[in-house]
Amino acid sequence: MAFPLYAGVYLQHTATIILTYLCLALSWDMLVRTGQISFGVAGFFGIGAYSAALTALNLKLDPLLSIAVGGLAAMAAALVLGLTTLQLRGMYFAITTLALTEIFRVIVRNLPGLTGGPEGTVLPSAIFDGDPTKTYWLLLAIALVTIAISEAFQRTRVYFAITSIRHDEMVARSSGLDIFKYAVFVFAVTSAIQGIVGASFAQQYAFVSPEGTFDIDFTLLPIAMCLLGGMHSTLGPIIGALVLGSVAEYLKLQLPYGHLLVYGAVITLVILLMPQGVAGKMKEQFVREQ
Amino acid sequence: MRSIEHQDPTMTNQMAGEMAVLEIDSLVRRFGGLAALRQVSFAVNAHEVLGIIGPNGAGKTTLINVIGGIYPPTSGRILFQGRDITELPAHLRCRLGIARTFQIVRPVQGLNLLQNIMVGSLFGRGASLKEARSQSLGICQFMGLSRVDRAIAKLTVLEIKKMEIARALSTQPRILLLDEVMAGLNVDETREMIDLVRQVCAQGVTVCIIEHVMSVIRELTERVIVLDHGEKIAQGPYEEVSRDPRVIGAYLGEEE
Amino acid sequence: MTGKRMRAVCVGCILLAALISACAPAAAPGTPPATPTVGTTPAAAAQPAAAVKKPIKLGAVIPLGDITGAQSAKAMKLAVKEINAKGGVLGRPLELIVVDDEMKPDKGAAALDKLATVDKVDVFIGGMASGVLLGQAPTLKKYAKVTVWTGAASSKCEEAIGADADWFFHIHPWDYNQGASYEEGWTAITKRYPQIKVENQFWAYEEGAFGAGTFKASQDLYNQWAKIQGQSFKSAAVGGGDYRAVLRQAKEAKPDVFIWVGYEPDAMGFVQQAKEIGFAPPIFLGSPPGWPVAFGKSPLSEAVWLYGMWAPAIKEVSDVSKGFLDAYVKEYGEEPATYFSPLGYANVYIVAEAIRRAGTIDKPALITALEKTEYKSPTGDVVTFTPSKIIKHQGIKKQKILQYQHGQQQVIWPFEVATAKPAYPFPSWEGR
Amino acid sequence: MSALPRSRRYQIAVPLALFIVVLAWWHPYAVIEGVQRAGLYAAIALPMALILGIVGIVNLAHGDFLMLGAYLAYWFAVHTQGDPLVAILPAALGLFLLGAVVYRATIKHVIGSSELSQLLLTFGLAIVLQQTATLLWTSQPVSINTEYTSTSATIGSLTFGTYGFVYVAAAVIEFAGLTFFLQRTRLGQAASASGQNPVGARIVGINVDRVYLIVFSISLALAGAVGVLFLTRHAVFPLVGGGLTFKSFCLAAMAGLGNLRGILWCSLILGLAESLVSTSKEYAGWADLIFFVAIVAVILVQSHRRQVT
């Protein structure tokens with residue numbers, strides 16, 4: 001993981017971007033493990049980014065502290081949203097989260113006094129004065145924490161809770177499991193991660209704007225990565241982010257026009273041909289050989 | 001969760017005064033225009049095995065679902081140990097001590113045999129992972145389930161049925177609602193299951209059992225409730241009820 | 001594998017094959033070729049001497065998925081080809097390396113890192129969206145390489161770059177430059193054509209950064225000479241497209257000038273719906289970054305005014321513009337649809353000429369040479385670099401006021417490059 | 001198909017009518033334009049509701065198929081120099097065939113699998129369509145101007161566009177056609193049956209898979225045809241469909257799954273509300289929130305209702 005440090009600034013920067021998407025992909029997957037799809041990653045990413053930028057700018061908070069604030073703000077938003085919409089799960093939840101990004105964008109755009117309005121807000125300087133190595137370490141740390149949380153979710157009682165919710169809500173409820181509590185809990189944790197990632201993004205590039213920060217790609221790319229790597233595991237999204245992140249960077253240099261098509265094709269083909277993803281496929285193979 | 005119960009003085013008084021664990025009071029459940037339960041009332045006494053029988057579509061499973069809290073009744077009341085639980089969500093009912101199995105088995109596919117059983121212990125009883133594991137292993141032994149790390153796909157029908165009961169037992173229930181656990185089992189397996197239910201009962205768990213196989217009802221239950229078209233048409237010992245013309249009529253109606 | 005599965009795989013392969021084949025023809029004429037490096041080969045053929053020397057590398061960051069960026073890249077490629085055909089600069093060929101910023105700040109910043117560390121370019125060029133430059137600002141400052149930027153109009157970018165950045169050269173006018181030059185333009189026009197009135201203006205601006213920013217900048221600026229009111233609308237580019245509410249408010253305000261600031265997808269809707277509600281102010285003006293190709297063909301376009309930097313008609317008054325346009329059409333078989341193509345072309349030439357004057361690519365010498373730039377651009381301007389509000393090196397400060405006449409964009413002001421006289425007042429919608 | 005009992009319908013219809021009357025007096029243009037807007041929304045949402053009601057799939061690529069139809073019409077109009085409206089039939093036919101192919105190749109394989117797979121599949125399809133369109137036609141918008149698009153009428157002091165009513169007509173025709181199809185034709189009855197109970201439908205001998213295929217294709221054909229109408233008044237570009245998909249879904253969710261008549265009502269309410277907010281000077285920027293507020297409100301009501309019943 002320290003490899004990019006010796007590979008030059010460009011690779012370091014690309015690795016930082018890939019780590020950003022890795023965290024988003026992993027946090028998205030953690031929620032999927034409860035059976036809920038969120039199309040609102042960009043929304044929480046944006047809330048985190050804006051909260052961090054505005055607190056750093058107006059309250060002169062330390063950048064690292066402002067990143068924590070970004071995570072908390074996203075978590076608070078998720079709690080409010082979760083408490084209202086997670087009673088109805090499935091399609092309704094998915095579509096509400098799809099709307100979420102747009103709602104936040106509209107709000108941010110229409111409160112120019114607070115947020116800088118449509119033009120966004122510029123921070124005086126990037127975090128660590130733009131030092132790419134330190135930024136890389138920061139993102140790596142966030143990614144490791146995300147991985148740790150994901151693994152914790154796979155090894156503790158949370159695993160039993162979310163797996164039963166995903167497979168059979170009725171059994172879960174009848175076995176004494178408070179579905180709503182767990183759904184809201186996981187939603188809040190994953191949103192906090194997305195908020196933190198967004199906040200560090202804002203600190204890294206020293207600016208936020210409604211269009212750039214609430215970009216639908218922050219939702220889209222993580223989903224494609226999870227699908228490719230395989231859902232419902234820690235390894236899957238990591239593989240997906242590494243593979244798709246680097247392939248996309250390579251393709252961009254080879255096929256400058258329309259390489260986003262790859263993401264759509266990946267999502268479609270994986271769902272049709274390999275719903276368990278790369279990691280799942282490997283696991284399956286492994287089990288068969290045993 | 002149990003501790004909360006004891007803090008409620010009215011409840012303990014009632015518990016002392018009455019033998020009923022569960023009281024059902026004029027329960028009505030409609031689906032759209034269709035009434036699945038009409039004014040059903042009965043009580044389940046502590047330590048008894050109560051049979052619930054009736055032709056297909058009589059509302060037996062709906063009754064279990066309403067008692068378990070899967071959906072609320074349209075009207076009527078449910079009392080558990082004297083406490084009104086009509087408004088309580090399913091998971092809290094489970095934690096109070098109402099456990100159930102499902103007519104069509106519902107193992108959680110992502111979990112293996114032991115893990116499935118642990119779910120009940122973890123959430124129904126609030127056990128830690130370690131406690132849940134050892135407790136569930138104990139229940140497995142009691143139920144005669146071996147090789148507990150097998151995936152669901154590798155289990156036999158009997159094993160899955162046992163797993164469902166084990167999962168319900170791992171919540172340490174006061175009352176266990178069994179929904180056609182004998183369906184699809186052969187004679188020997190049915191025998192084994194009947195013994196198991198007896199042992200469960202012997203441990204002080206009250207049992208409510210829905211069953212189509214009348215020999216099982218005859219052997220296990222002290223008392224039966226007969227439902228037809230959502231209405232309670234008879235109750236009493238099986239031998240008595242089976243001679244009731246209304247009951248015979250209901251079952252004959254099904255034959256047509 | 002079951003038959004069903006098999007079929008699914010086949011379908012998948014066919015789908016993928018179809019997609020790839022769909023990419024190929026579209027990508028070939030429309031975009032730079034697959035290899036990001038262009039320009040060395042023709043130079044080698046023409047000037048064998050130049051080829052052996054190490055090329056001078058220009059690293060461009062452009063959104064290739066968007067028509068503005070795509071055409072800008074094409075024009076840059078054309079300029080590099082022309083310069084190399086004449087022997088390159090300082091006897092060395094130019095090499096252009098284009099990296100897509102995907103209109104995203106993070107990708108734009110990473111692109112700069114790639115150009116600086118992997119390709120080791122000598123100069124940064126390119127640029128389009130303000131939002132991307134804002135995100136790139138920390139990275140640009142990190143390298144502090146000589147940077148000659150075509151795009152980005154938001155003055156927020158100027159704040160982000162800061163006053164110390166003597167290596168930053170900005171060609172595109174800032175939003176307030178544009179505002180000021182329109183004031184200058186209208187003052188000149190009303191002086192020459194006294195019947196034209198512009199004091200009372202109604203602005204319809206799209207609610208995003210572009211529209212709202214432009215409106216705000218102009219509002220601050222115009223209090224002196226014009227009465228401005230405005231209302232935002234949702235651009236069709238982001239799912240809007242119903243302008244009747246804003247047009248009706250404009251109609252009630254009875255302005256001398258109606259201006260809409262939005263994107264290409266709004267152009268046709270505005271005239272159609274203005275006709276629909278019978279709103280024909282004396283001056284009907286649009287200010288999108290680009291116009292739909294077919295807009296001029298519609299009878300509704302007649303006498304619509306527009307703000308811009310360039311129109312194909314400038315070729316009639318500017319040799320550079322004619323040369324550029326002819327070469328572009330010859331090279332790509334189509335007319336450029338956005339002013340970013342002449343700007344991209346100018347971008348390369350400005351850098352090349354400065355290097356030639358400096359005689360070196362060393363940073364201080366190159367900065368000094370760039371400061372002395374006096375480049376006759378295909379946009380019809382003479383580009384020089386002078387201080388703006390914050391930065392030291394601002395290129396073009398003037399915009400142009402144009403008008404659709406008989407399906408062509410004609411320049412009305414500045415008068416030096418004017419290609420037509422204004423049609424005034426705006427004819428009624430009836431009969432068109 | 002209509003989910004509401006008669007009494008509830010009055011509960012909605014009477015306040016709505018009152019609201020319209022008051023609004024018409026206060027803000028006549030908001031009503032005229034709101035109705036036209038509602039027509040467009042309904043015309044776009046109806047085919048999506050059809051798929052949702054019968055095949056049970058949320059087609060997140062719905063708006064992108066519409067975009068495809070619009071491009072077909074554009075291509076047709078440019079090459080024949082003809083009126084784009086003539087392209088309605090070819091566009092519908094083209095999309096019908098495309099629908100059959102897409103159904104066979106993709107949708108068919110996720111029927112019966114999890115909601116997650118279905119949503120993600122159509123989401124992937126949406127991106128593929130958008131990006132393919134970008135490759136083929138670039139991001140530059142295309143639009144077509146025809147003389148009739150900006151025809152207007154004057155009643156008293158009101159001058160308003162009349163072409164917008166074409167969307168109202170389209171929505172009504174679509175609704176009538178679909179209702180007729182579902183209630184009066186054999187295939188339509190089979191489709192209704194499959195929508196309500198696929199297992200039962202299979203038992204009584206309906207080829208559910210074929211019914212799904214046809215319904216999906218019909219829906220895309222309608223989307224294509226509406227796309228042509230859309231082109232006559234709006235600029236079309238590769239990403240134009242996303243917002244339309246979302247609005248359609250909101251309407252379908254509000255109306256109740258599969259309730260076609262409800263789509264008309266809900267479009268009317270949301271169309272008027274949007275139109276009203278965007279006419280107000282200070283708050284025009286918030287008009288976007290109408291649909292979002294609506295969908296969140298629907299969810300709250302639904303979840304409340306689920307708790308009570």
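Fair warning: this is a prediction, and the values are worked out from it, not measured in the lab. What's counted below: heavy atoms across the whole structure, side chains too, no hydrogens, waters or symmetry copies. All chains are named by letter (A, B, ...) in the order of the sequence lines, taking the proteins before the strands, and each is independently numbered beginning at 1.
- Put simply, the side chain of R248(C) reaches to within 4.5 Å of the side chain of E33(D), judged on heavy atoms.
- If you measure heavy-atom distances from I144(D) to chain C, the contacts under 4.5 Å come from the backbone alone.
- In terms of heavy-atom pairs under 4.5 angstrom with chain C, the leader among E147(D), R37(D), H234(D) is R37(D).
- Of the atoms belonging to T149(D), heavy atoms from both backbone and side chain fall under 4.5 Å from chain C.
- When the candidates G241(D), S278(D), G161(D), A153(D) are compared by the number of heavy-atom contacts under 4.5 Å with chain C, G161(D) comes out ahead.
- The neighbour count for K216(C) NZ, taken as heavy atoms of other residues, nucleotides or ligands under 6.0 Å away, does not exceed 12.
- Only the side chain of K234(C) comes within contact range of chain D, with at least one heavy atom under 4.5 Å from a heavy atom of that chain.
- Here N145(D) is the residue among L239(D), V240(D), T159(D), N145(D) with the most heavy-atom pairs under 4.5 Å with chain C.
- For W286(D), the CH2 atom sits in a packed shell: over 12 heavy atoms of surrounding residues, nucleotides or ligands are nearer than 6.0 Å.
- Nearest heavy-atom pair, F237(D) versus A237(C), reported as atom, atom and distance to 0.1 Å: CZ-CA, 3.4 Å.
- In this structure, the side chain of S152(D) engages the main chain of E276(C) through a donor-acceptor pair within 3.5 Å.
- Within the 4.5 angstrom heavy-atom criterion, atoms from both the backbone and the side chain of Q272(C) approach chain D.
- You'll find the side chain of Q273(C) reaches within 4.5 Å of the side chain of R233(D), heavy atoms only.
- For Q231(C), the part lying under 4.5 angstrom from a heavy atom of chain D is the side chain only.
- To the nearest 0.5 Å, atoms OG (S275(D)) and CG (D242(C)) are separated by 7.0 Å.
- Closest approach of P292(C) to P141(D), counting heavy atoms only: CB-O, 4.4 Å.
- Geometrically, R244(C) does not engage Y29(D) in a cation-pi contact, judged by NZ or CZ lying under 6.0 Å from the ring centre and within 45° of the ring axis.
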